[in-house]
Amino acid sequence: MSESGIKKLSQERTREWLASQEDEELESIAESSVVDSLDYDYTEEEDDTDQNTSEEISTMTLGTQIATKKHSIISDTIRDLMNSINSIQTLGNVNISNSTNVHIGNVTNINGNIQIIADGLTQNRRDRRHVSPPRDSAPKTPTHFEDDYQDESEERVCSDVFIRRQKFKIPKELCAIIPRSSWLAQKPMDEPMSLQLPVKYVVILHTATESSEKRAINVRLIRDMQCFHIESRGWNDIAYNFLVGCDGNIYEGRGWQTVGAHTLGYNRISLGISFIGCFMKELPTADALNMCRNLLARGVEDGHISTDYRLVCHCQCNSTESPGRRLYEEIQTWPHFYHIEEEEQ
């Protein structure tokens, strides 16, 4: 059957269907009817039976559920569309040359300090928070809920390690030194001068800056000091061989084998160890003092410091308040402390 014949047959069937409907429903049905628009391609080889013709052109009321076959066609069409979009975004072979700062794929930039808390410790705090008693309950003895009301703002870096809710205490005799690369130190301006080891003297100083029990703040302070010593003082590097923070960490300055710029007249025969902070009226933390003693013991053990070394303070060698009056009193009680005044007499 030709295309014109098919069209004529469809018109006749439409008129017969409209005639079979009641008059009052014709207007609403006409407004709510749609014609299926699947762009069917007709050929002369197709069968012209009633079944095929009824499938080629049909009408339906708005809101009628789409047949499963037609729903499948729509789903396939949407899937093909999404696949085409994804194929456009797919990255093929890439050839990059003579380029810097190139990123491929998703990039997440984090500006600021990152604090990592072990999962077991976090869960433990949540558990303690859940068992907190109501306000109108009877008062409890200090032993029952002494940990329930800990102020998290007072959390400080300590030498305890939490792994799967198991608490491990780091031995006090250990001495871990944070290398220069960890606090992003600048390279020395000139070739460093080597110390003649083992050194006879160890000089204790303070930085006369703020102090902190947080590693991130101490790292910032050390970087600022290095910048000040190089740019304002004109020195080769940060002045001290080592720095001790109130967080209980030891930070590498110039290290064991390099001449420092900490104490006039003693730089070439001593190591300079400086506590981060100002200790005129108070002492550094117990962890800081303990780690400094561990550093001295390690220096002797590794052959950097003489076994009969002399421990002195900056104020004994130059006209200065360093390492602070309170810390100076403490250092006088340590082994190997040396009274330079007696030598001069």
Side-chain angles (χ1 to χ4, degrees), residues 112-116 156-161 170-189 192 195 197 199 202-233 235-263 267 270-279 282-302 304-305 311 313-314 322-324 327 330-331 334:
N113 300 322
I114 300 176
Q115 184 180 15
I116 300 176
R156 297 173 178 175
V157 178
C158 63
S159 58
D160 296 342
V161 179
I170 298 178
K172 292 183 178 181
E173 63 271 11
L174 294 184
C175 177
I177 299 175
I178 297 177
R180 292 170 59 93
S181 58
S182 295
W183 56 270
L184 303 178
Q186 302 181 42
K187 292 183 179 180
M189 301 302 293
L195 271 174
L197 301 178
V199 295
V202 176
V203 182
I204 302 297
L205 313 91
H206 72 181
T207 61
T209 62
E210 63 177 300
S211 61
S212 177
E213 296 182 20
K214 296 182 179 180
R215 175 171 172 174
I217 296 179
N218 284 324
V219 166
R220 174 181 60 82
L221 292 171
I222 295 172
R223 294 183 64 185
D224 290 344
M225 277 185 275
Q226 185 190 37
C227 183
F228 173 74
H229 290 173
I230 292 176
E231 297 183 2
S232 298
R233 295 296 180 93
W235 296 337
N236 187 38
D237 197 353
I238 192 169
Y240 317 110
N241 295 94
F242 295 97
L243 299 98
V244 182
C246 286
D247 57 349
N249 287 318
I250 299 173
Y251 299 88
E252 180 185 20
R254 298 198 182 193
W256 294 111
Q257 301 179 355
T258 303
V259 175
H262 47 84
T263 308
N267 292 324
S270 69
L271 285 171
I273 301 175
S274 184
F275 285 83
I276 301 175
C278 183
F279 303 102
E282 60 182 11
L283 284 173
T285 61
D287 287 339
L289 294 172
N290 182 65
M291 283 301 170
C292 182
R293 286 190 288 263
N294 292 346
L295 180 65
L296 295 173
R298 176 175 172 177
V300 173
E301 181 180 352
D302 294 345
H304 304 300
I305 302 175
L311 183 64
C313 290
H314 192 196
S322 174
L327 181 55
E330 169 68 20
I331 299 300
W334 288 15

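Model, not experiment: these values are computed from the prediction. Counting begins at 1 with the first residue of the sequence.
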**Request:** Determine whether Tyr240 and Thr207 make a side-chain contact, defined as any pair of heavy atoms from C-beta on separated by less than 4.5 Å.
**Result:** yes

**Asked** Between Leu195 and Thr258, what is the shortest heavy-atom contact and its length?
**Response** CD1-O, 3.5 Å

**Asked** Do the non-hydrogen side-chain atoms of Pro284 and Val244 ever get within less than 4.5 Å of each other?
**Response** no

**Message:** If I take atom CE from residue Met189 and atom CD1 from residue Ile230, how far apart are they, to the nearest 0.5 angstrom?
**Reply:** 6.0 Å

**Message:** Please give me the minimum heavy-atom distance between His262 and Leu205, naming the atom from each residue.
**Reply:** O-CD2, 3.6 Å

**Item:** Point-to-point distance, once rounded to the nearest 0.5 Å, from CG of Leu327 to CD of Glu282
**Value:** 11.0 Å

**Complete:** Interatomic distance, SG@Cys292 vs CG@Asp287, rounded to 0.5 Å, equals 13.0 Å

**Asked** Shortest non-hydrogen contact from Ala288 to Phe275?
**Response** O-CE2, 3.8 Å

**Prompt:** Does the side chain of His304 come within less than 4.5 Å of Val199's, by heavy atoms?
**Reply:** no

**Message:** Tell me whether Arg233 contacts the main-chain N or O of Phe228 through its side chain, where contact means a donor paired with an acceptor under 3.5 Å.
**Reply:** no

**Item:** Donor-acceptor pair, side chain of Asn218 and main chain of Ser211, under 3.5 angstrom
**Value:** no

**Fill in**
Rounded to the nearest 0.5 Å, the NE2 atom of His314 sits from the CD1 atom of Ile331 at a distance of 14.0 Å

**Asked** Between the side chains of Trp256 and Glu252, is a donor N or O closer than 3.5 angstrom to an acceptor N or O?
**Response** no

**Prompt:** Looking only at heavy atoms, what is the nearest atom pair of Cys246 and Glu213, with distance?
**Reply:** O-CG, 3.6 Å

**Request:** Could you check if a side-chain atom of Lys214 sits within less than 4.5 angstrom of a side-chain atom of Asp247, using non-hydrogen atoms only?
**Result:** no

**Fill in**
So CG of Leu197 and CG of Leu271: to nearest 0.5 Å the spacing works out to 7.5 Å

**Message:** Contact between Phe279 and Glu330 at the side-chain level, heavy atoms closer than 4.5 Å - yes or no?
**Reply:** no

**Complete:** Interatomic distance, NZ@Lys187 vs CG@Asp237, rounded to 0.5 Å, equals 12.5 Å

**Prompt:** Any idea which heavy atoms bring His229 and Ala239 closest together, and the distance?
**Reply:** ND1-N, 3.1 Å

**Request:** Please lay out, stage by stage, how Thr209 and Asp224 fare under the test side-chain contact (heavy atoms from CB on, under 4.5 Å).
**Result:** CA-CA 10 Å; Thr209 62; Asp224 290 344; over 6 Å; no

**Item:** Over 12 non-hydrogen atoms of neighbours within 6.0 angstrom of CD in Gln186
**Value:** yes

**Request:** Test Asn249 against Met291 for side-chain contact (heavy atoms from CB on, under 4.5 Å), laying out the working first.
**Result:** CA-CA 7 Å; Asn249 287 318; Met291 283 301 170; over 6 Å; no

**Prompt:** Pro192 and Asn236: which non-hydrogen atoms are nearest, and at how many Å?
**Reply:** CA-ND2, 4.1 Å

**Asked** Within a strict 4.5 Å, meaning less than it, do heavy atoms of the Glu301 and Cys175 side chains meet?
**Response** no

**Request:** Could you tell me whether a side-chain N or O of Asn241 sits under 3.5 Å from a main-chain N or O of Gly272, the two making a donor and an acceptor?
**Result:** yes

**Single hit among Leu311, Val203, Ile250, Leu296 for side chain to side chain contact (heavy atoms under 4.5 Å, CB included) with Ile273** = Leu296

**pair Ile177-Leu295: side-chain heavy atoms closer than 4.5 Å** = yes

**Item:** Flag, side chain of Arg180 to backbone of Gly253, donor-acceptor distance under 3.5 Å
**Value:** yes

**Minimum side-chain heavy-atom gap Tyr251-Arg215 below 4.5 Å** = yes

